[in-house]
2 protein chains.
Amino acid sequence: MFFVVFTVLFAGESIAQNSLPSAESTDPAVMGWMLGTPPDAAKLVRHDDLSFYQFPRTRWTFSHFRELLPTKRLWRGAGAGVPLVAMPDGAIDGVEFTPMGQSTVMSFGDMLTATYADAALVLHKGDVVYENYFGATSRETPHISFSMTKSYYGTLAAMLVEEGQLEEDKLVRDYLPELADSGFATATVRQILDMTTAIDYSEDYTDPDAHVFDFARSGGIFPRGDYDGPEGFYAYVATLKAKGKHGNAFSYRSVNTEVLGWLIARVTGSNAVDLLQERIWSRLGAEEDAYILIDTLGTGWAAGGLNATLRDHARFGEMMRKGGRWNGAQVVPEVVVDDIRRGGDREKFAKAGYTTLPGASYRNQWWVHHNPNGAFSARGVHGQTIYIDPRAEMVIVRLASHPLAANGNYDDVSLPAYQAVADYLMAQD
Amino acid sequence: MFFVVFTVLFAGESIAQNSLPSAESTDPAVMGWMLGTPPDAAKLVRHDDLSFYQFPRTRWTFSHFRELLPTKRLWRGAGAGVPLVAMPDGAIDGVEFTPMGQSTVMSFGDMLTATYADAALVLHKGDVVYENYFGATSRETPHISFSMTKSYYGTLAAMLVEEGQLEEDKLVRDYLPELADSGFATATVRQILDMTTAIDYSEDYTDPDAHVFDFARSGGIFPRGDYDGPEGFYAYVATLKAKGKHGNAFSYRSVNTEVLGWLIARVTGSNAVDLLQERIWSRLGAEEDAYILIDTLGTGWAAGGLNATLRDHARFGEMMRKGGRWNGAQVVPEVVVDDIRRGGDREKFAKAGYTTLPGASYRNQWWVHHNPNGAFSARGVHGQTIYIDPRAEMVIVRLASHPLAANGNYDDVSLPAYQAVADYLMAQD
């Protein structure tokens with residue numbers, strides 16, 4: 001059964017974009033998922049049969065995860081949020097750009113439709129110059145951010161490194177004896193932070209036997225089915241072995257971030273989710289609570305479980321753009337932001353062969369573009385992005401439910417679109 | 001296994017209060033449930049083994065349900081909540097009363113400890129004169145309200161009756177043909193609202209074969225185990241048969257409220273949870289979002305699934321005390337509140353034999369005490385209460401995790417305590 005399901009979901013990786021059903025024809029509000037009390041069988045979205053993770057139901061799921069799985073709250077703090085002032089600029093929707101490798105132009109608005117955006121926002125100098133919601137996502141709806149979660153955890157961990165609570169040159173086994181027999185044992189904290197470990201772990205979503213699915217089953221994010229491995233994210237990562245030598249190349253493996261979450265918990269004696277709430281989330285002046293998916297032992301899914309609203313991600317992005325200063329406080333030390341902006345090792349990154357990200361690097365769980373504008377970004381599968389452009393004083397957040405998992409499938413339109421909006425905004429100054 | 005579990009949990013019904021472990025010795029913060037990442041096996045609270053519903057783990061569970069089960073949000077609305085002004089009166093903790101059938105006095109504060117309170121608040125003329133949090137519950141933490149949920153749904157349904165959307169003399173089968181073969185078919189909407197239906201359904205928590213456990217399994221609130229009945233709250237209630245004649249006697253059966261939720265959904269074409277959010281919750285000026293437990297088909301558990309903070313329940317209670325007017329709006333029509341305050345049929349209620357509630361009645365899913373102060377209340381198992389005393393201009397909210405389910409086990413101390421605080425407050429005027 002799983003094979004069939006994954007084929008339906010992920011075989012698309014090798015399908016040309018133009019053979020996919022359109023965003024319009026898969027609008028979750030129009031499709032009526034989960035409408036009716038109870039809904040008709042054909043309109044159900046369920047966890048136990050994995051239908052929640054099949055496109056186009058994913059377009060509903062991504063803003064309704066809490067209705068399918070246990071979740072842990074990240075409290076926004078008392079009172080109203082820090083206001084974001086709306087100064088809409090009607091021209092942004094029509095800002096044109098040329099997709100990578102093409103000659104015909106496309107507009108920012110068309111890009112959002114083409115990439116199955118559920119919500120999109122542009123901040124310029126802190127004002128909301130563009131904000132739009134589609135389908136089943138509204139202003140108050142937390143949406144899954146998938147691997148953007150990593151950038152939140154990476155920022156928190158980098159703060160602990162800056163404070164000396166976590167030492168980047170120490171080995172994982174120094175902090176976590178539970179991982180002494182795993183492939184992570186001899187990796188340094190820095191290698192975990194920058195994903196230069198060499199772990200035998202496949203995150204190829206087109207392969208139904210990829211490790212990533214057993215990882216999801218270990219925590220109950222996917223239904224267990226006949227999975228009989230260890231329970232919980234941490235017990236699972238402890239089973240993984242090394243493959244090659246740590247530190248040689250960037251190698252994107254989500255399990256690094258679970259180890260990072262574990263390190264955060266170990267050195268602070270706190271729950272990493274509680275610490276993320278205390279040190280970052282509750283200091284953003286967020287409008288809404290966020291929440292995170294947890295495994296059956298209560299551990300937050302550091303690599304991909306955070307759900308938050310469009311505007312609250314924008315507050316996080318704007319705080320980072322402003323050197324960590326926000327809402328009258330230094331939320332993240334400026335040296336931590338600067339370190340992220342400087343980026344990681346570009347040579348090691350190049351070895352990973354990301355054709356849509358030439359010259360980029362990865363640092364503290366952030367993608368650093370090394371373009372003339374100094375852009376860096378949080379990225380999550382199916383199209384989630386916080387894209388921070390310091391030179392243009394711009395933050396773009398996009399929440400999406402693209403049928404194809406990997407961002408590499410649509411970087412060709414999204415990245416030039418962001419650059420075009422940056423150029424447009426800089427021209428207005 | 002289930003028998004053993006239920007014995008551990010519910011055998012207490014026949015145990016004298018003084019043989020139970022104390023609130024202090026079962027403080028969930030001290031016991032350290034779910035602390036550690038991941039927690040030690042001995043500190044785990046799990047859904048699949050039913051440990052989440054075993055005392056003393058329940059003392060943690062009751063304010064952490066979303067970490068165990070899927071939930072649906074009731075949004076508080078944009079911005080900060082309507083302020084509740086704190087005017088603490090240090091004397092309330094020591095207000096003394098004599099428990100029913102006893103001669104030695106006890107204080108309000110002692111009563112809270114004796115009944116395993118997790119949080120308690122007293123409003124007098126709208127000001128917070130007493131507020132206290134215990135164990136694992138804090139001001140911002142939603143706590144399960146169990147059957148207090150019914151009073152929210154009953155109020156909403158009574159509003160629809162007042163508007164003519166739901167006709168109280170019509171039969172359930174007129175609205176819900178799905179129930180035409182069930183025992184509910186020929187019950188009137190009024191009989192559902194006031195729980196005078198005659199349904200073959202046992203809610204005796206001391207009996208492991210009671211229907212209530214299969215009901216919980218049908219929706220996934222309890223782990224399914226070897227349950228092989230229909231899935232979902234509504235499919236389950238459709239299987240129930242009548243036992244006797246509707247309308248003769250008060251007969252407290254939670255399944256009536258599920259039928260009520262279904263009626264609300266049917267006549268409005270809306271999801272009952274969404275409607276509750278729209279018509280009531282988002283109009284209270286709540287500080288926090290509430291949430292409700294849902295079955296695997298997404299249906300809110302009308303009989304017991306609402307989780308909300310102490311203060312937000314107080315806002316609901318205060319709105320009801322003020323005749324439905326709150327936050328500059330008539331949230332509930334005054335005639336609906338008046339109808340509840342007048343109460344239901346006391347003769348029919350008396351037939352149910354509640355020894356701690358002499359002379360009381362039940363109307364629109366509220367308990368009406370018919371005491372000199374005109375008190376009425378929402379009540380939930382394990383000690384949840386919103387107690388509204390119009391004459392004393394007082395609202396008391398108590399959230400609790402008493403090891404014994406039925407409120408009848410501790411009404412002997414709680415009800416006289418509420419009356420004593422009312423007397424105290426009236427004497428201050």
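Since the structure is predicted, the reported quantities are computational estimates derived from the model, not experimental observations. What's counted below: heavy atoms across the whole structure, side chains too, no hydrogens, waters or symmetry copies. So you know, we letter chains A, B, ... as the sequences are listed, proteins then strands, and number each from 1.
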*Asks:* Should the pair A:E288-B:R76 be classified as a salt bridge under the 4.0 Å nitrogen-to-oxygen rule?
*Replies:* yes
*Asks:* Looking at B:P38, B:A78, B:A272, which makes the most heavy-atom pairs under 4.5 Å with chain A?
*Replies:*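 Most heavy-atom pairs under 4.5 Å with chain A: B:P38.
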*Asks:* Quick one: what part of A:R66 sits under 4.5 Å from any heavy atom of chain B, side chain, backbone, both or neither?
*Replies:* both
*Asks:* Listed by chain and number, what are the ring pair (Phe, Tyr, Trp, His ring centres under 6.0 Å) partners of B:H143, not counting sequence neighbours?
*Replies:* none
*Asks:* A:I294 versus chain B, heavy atoms under 4.5 Å apart: side chain, backbone, both or neither?
*Replies:* side chain
*Asks:* Identify the two heavy atoms, one from B:T37 and one from A:Y234, that lie closest to each other, and give their separation to 0.1 Å.
*Replies:* CG2-CE1, 3.3 Å
*Asks:* Tabulate, in ascending numerical order, the residues of residues 298-315 of chain B having at least one heavy atom closer than 4.5 Å to a heavy atom of chain A, or enter 'none'.
*Replies:* B:G298, B:T299
*Asks:* Picking from B:R73, B:R46, B:H64, which has the most non-hydrogen pairs under 4.5 angstrom with chain A?
*Replies:*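 That would be B:R73.
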*Asks:* Nearest 0.5 Å, what's the OH-CG distance between A:Y291 and B:D289?
*Replies:* 11.5 Å
*Asks:* For A:E67, is it the side chain, the backbone, both, or neither that has a heavy atom closer than 4.5 Å to a heavy atom of chain B?
*Replies:* both
*Asks:* What part of A:L69 gets within 4.5 angstrom of chain B, counting heavy atoms only: side chain, backbone, both, or neither?
*Replies:* backbone
*Asks:* So which of A:M34, A:E231, A:H47, A:R266 has the largest heavy-atom pair count under 4.5 angstrom toward chain B?
*Replies:* A:E231
